[in-house]
Amino acid sequence: MGGRPANHSDQNGINVEKLKVLVNAIMDNPRVKSLLVGMNHQQMTRADRKVQAVIEVLKERHIDTTKFPVVIRVFGPHEEKAREMAADVPGVRYLPRGKTLADACCLIVELTAKARGSEGRAR
């Protein structure tokens with residue numbers, strides 16, 4: 001799709017602190033130019049906990065989400081609360097139900113390329 005993923009992680013859990021460790025590890029990678037958070041309903045991880053961890057890390061790191069693209073595709077238990085939390089963070093895009101992981105990948109690649117301007121391909 002034109003992107004170059006810097007990381008792929010599979011984390012299934014509801015402990016916010018453990019999720020934050022994972023997100024911080026991803027954000028420590030200097031190649032990270034954007035963030036795509038995606039999970040399937042079958043994982044049964046509480047959506048609000050996953051989104052909470054991401055948002056806390058972004059805020060703690062003072063990341064300007066109007067310039068650093070963040071796309072969330074998280075469905076499942078407590079999804080409504082997760083959407084409310086994400087709506088309070090400018091620039092974060094939370095995909096509606098029915099959107100595929102491919103849709104999310106296309107969007108993050110597009111947003112990353114725009115954010116990087118003429119620097120080249122998204123990472």
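The basis for the numbers below is simple: all heavy atoms, side chains too, and nothing from hydrogens, waters or symmetry mates. Please read all numbers here as calculations on a predicted model, not as lab measurements.
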*Under the salt bridge (charged side-chain N to carboxylate O under 4.0 Å, His left out) rule, collect the residues that match up with Glu84, sequence neighbours excluded.*
none
*Residues in side-chain contact (heavy atoms from CB on, under 4.5 Å) with Ala53, at least two apart?*
Val16, Leu19, Lys20
*Does Asp88 have any salt bridge (charged side-chain N to carboxylate O under 4.0 Å, His left out) partners at least two apart in sequence or in another chain, and if so, which?*
none
*What is the minimum heavy-atom distance between Phe75 and Leu95, and which atoms define it?*
CE2-O, 3.8 Å
*Among all residues two or more places apart in sequence or in another chain, which pass the side-chain hydrogen bond (donor to acceptor under 3.5 Å, both in side chains) test with Asp103?*
Thr100
*Val54: partners by side-chain contact (heavy atoms from CB on, under 4.5 Å), with sequence neighbours left out*: Val23, Leu35, Val37, Leu58
*Euclidean distance, Thr112 OG1 relative to Lys33 NZ, rounded to 0.5 Å*: 10.0 Å
*Using salt bridge (charged side-chain N to carboxylate O under 4.0 Å, His left out) as the criterion, list what pairs up with Arg93, not counting sequence neighbours.*
none
*For Lys59, enumerate each residue passing the side-chain contact (heavy atoms from CB on, under 4.5 Å) test, keeping only those at least two apart in sequence or located in another chain.*
Ile55, Val89
*Identify, with sequence neighbours excluded, every residue that meets side-chain hydrogen bond (donor to acceptor under 3.5 Å, both in side chains) alongside Gln52.*
Glu56
_Residues in side-chain hydrogen bond (donor to acceptor under 3.5 Å, both in side chains) contact with Lys67, at least two apart in sequence or another chain_ = none
*Is there side-chain contact between Pro69 and Ile108, with heavy atoms separated by less than 4.5 Å?*
yes
*asked:* Nearest 0.5 Å, please: how far is CG in Leu101 from CG in Leu36?
replied: 6.5 Å
*Taking atom types as modelled and ignoring hydrogens, do the side chains of Arg61 and Asn24 form a donor-acceptor contact shorter than 3.5 angstrom?*
yes
*Rounded to the nearest 0.5 Å, what separation is found between the CG atom of Asp48 and the CD atom of Glu80?*
11.0 Å
*asked:* Walk me through whether Leu111 and Ser34 qualify under side-chain contact (heavy atoms from CB on, under 4.5 Å).
replied: CA-CA 8 Å; Leu111 294 173; Ser34 58; over 6 Å; no
*Side-chain contact test, heavy atoms from C-beta onward, threshold under 4.5 Å: evaluate it for Val51 versus Tyr94 and give yes or no.*
yes
_Is any side-chain heavy atom of Arg31 closer than 4.5 Å to one of Arg4?_
yes
